[in-house]
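Following: one structure in structure tokens, then a few remarks.
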Amino acid sequence: MRDTVTGLISTYDITGRYLDRNAIDSLKDYFGSGTDRVQAAAYISANASSLVKATGAALYEQVPELLRPGGNSYTTRRYAACLRDLDYYLRYSSYALVAGNCDVLTERVLNGLRETYNSLEVPVGPTVLAIQLMKGVLKEQLEAQGISDTSFVDAPFDHLTR
Ligand code: CYC
């Protein structure tokens, strides 16, 4: 698991270089958005269940057949599994936001997930949609909290859907 700083240091150390313009720019960017990142993580922690609920509601409004017989969220067991998965995506994204690095998502969330989803026939398209909806819901609420530039919020959610 890495953050912006350790990631940069290890990249530059491998090739024995001093931090150059690019490195300094990304460090400035990271520290410049630092307070907002921490505020966003605190907001997520305090509002996780309502963020998950709002995301689920938006997903099932757009893809209602998931909840019908034959749909992958049909039966409360699967419905609950889906909300739980959304909660995983949100929690790990909050870690990645603070770290300013998405490695934690690759290592802890994405490893083997495609195979799991394929074998259980969990549809990837609606999952990707849900993660993008979650990003939208979160950004809107953070803007309402006074964070004017929420562009730093995109990275983890976009990383998950890629
Ligand atoms: C299942 N989701 C699962 C399973 C895993 C994960 C491992 C299989 C085991 C289980 O049911 O618990 C995901 N586990 C994770 C992740 C982590 C982890 C991400 C990281 C820490 O430890 N179905 C839908 C929606 C979507 C969905 C589109 C929600 C957005 O219709 C999710 N995931 C879903 C469902 C199941 C599942 C319904 C149960 C499928 C089944 O058992 O038939």
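The basis for the numbers below is simple: all heavy atoms, side chains too, and nothing from hydrogens, waters or symmetry mates. We count ligands from 1, going down the list as the structure has it; atoms in each ligand are counted the same way.
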Give the atom numbers and elements of ligand 1 that come within less than 4.0 Å of a heavy atom of [X].
X      : value
Pro126 : 28 (C)
Tyr92  : 21 (C)
Leu113 : 13 (C), 19 (C)
Tyr117 : 2 (N), 33 (N)

Please state which protein non-hydrogen atom is closest to [atom] and give its distance, to 0.1 Å?
atom                    : value
atom 26 (C) of ligand 1 : Cys82 SG, 2.9 Å
atom 43 (O) of ligand 1 : Arg78 NE, 3.0 Å
atom 8 (C) of ligand 1  : Leu120 CD1, 3.3 Å
atom 3 (C) of ligand 1  : Arg84 NH2, 3.3 Å
atom 23 (N) of ligand 1 : Asn72 OD1, 2.9 Å
atom 18 (C) of ligand 1 : Tyr88 CE1, 3.5 Å
atom 31 (O) of ligand 1 : Ser73 OG, 2.7 Å
atom 7 (C) of ligand 1  : Thr116 CG2, 3.8 Å

**OP:** Report yes or no: does Thr6 contribute a side-chain atom to a donor-acceptor pair with the main-chain N or O of Arg2 at less than 3.5 Å?
**Re:**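 A pair under 3.5 Å: no.
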Subject >> Check: Tyr74 main-chain N/O paired with Arg78 side-chain donor or acceptor under 3.5 Å >> reply: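 The answer is yes, because a donor-acceptor pair under 3.5 Å joins these two groups.
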Original post:
Are side-chain N/O atoms of Thr75 and Arg77 paired as donor and acceptor at under 3.5 Å?
Top reply: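 No pair is found: no donor N or O on one side chain lies under 3.5 Å from an acceptor on the other.
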With [atom] as the reference point, say which of [options] has the nearest heavy atom.
atom                    : options                       : value
atom 37 (C) of ligand 1 : Asn111, Thr127, Asp85, Leu105 : Asp85
atom 41 (C) of ligand 1 : Glu115, Arg108, Arg77         : Arg77
atom 36 (C) of ligand 1 : Gly56, Ala81, Pro123          : Ala81

Original post:
Applying a 4.0 Å heavy-atom criterion (strictly less than), which segment of Val63 is in contact with ligand 1: side chain, backbone, both, or neither?
Top reply: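 Neither; no heavy atom under 4.0 Å.
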Subject >> Interatomic spacing from CD1 in Ile44 to CG in Leu138 - rounded to 0.5 Å >> reply: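 One gets 4.5 Å once the value is rounded to the nearest 0.5 Å.
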Subject >> Atom pair OH/CG of Tyr12 and Asp20 - distance to nearest 0.5 Å >> reply: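 Here the rounded value is 3.5 Å.
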Using a 4.5 Å cut-off on heavy atoms from C-beta on, say whether the side chain of [Y] contacts that of [X].
X      : Y      : result
Thr161 : Lys135 : no
Asn101 : Tyr30  : no
Ser93  : Met134 : no

**OP:** Compute the minimum heavy-atom distance from Tyr79 to ligand 1 and say whether it is under 4.0 Å.
**Re:**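 So Tyr79 does not count as touching ligand 1.
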**OP:** May I ask whether Glu121 places a heavy atom under 4.0 Å from ligand 1?
**Re:**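 So Glu121 does not count as touching ligand 1.
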Original post:
Should we say atom OH of Tyr79 is surrounded by more than 12 heavy atoms from elsewhere, each under 6.0 Å from it?
Top reply: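 Not more than 12 within 6.0 Å, no.
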Subject >> More than 12 heavy atoms from other groups under 6.0 Å of CD on Glu121 >> reply: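 Not buried by this count: 12 neighbours or fewer within 6.0 Å.
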**OP:** Give a yes or no on whether a salt bridge exists between Asp158 and Arg162, defined as a side-chain N under 4.0 angstrom from a carboxylate O.
**Re:**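 Salt bridge: no.
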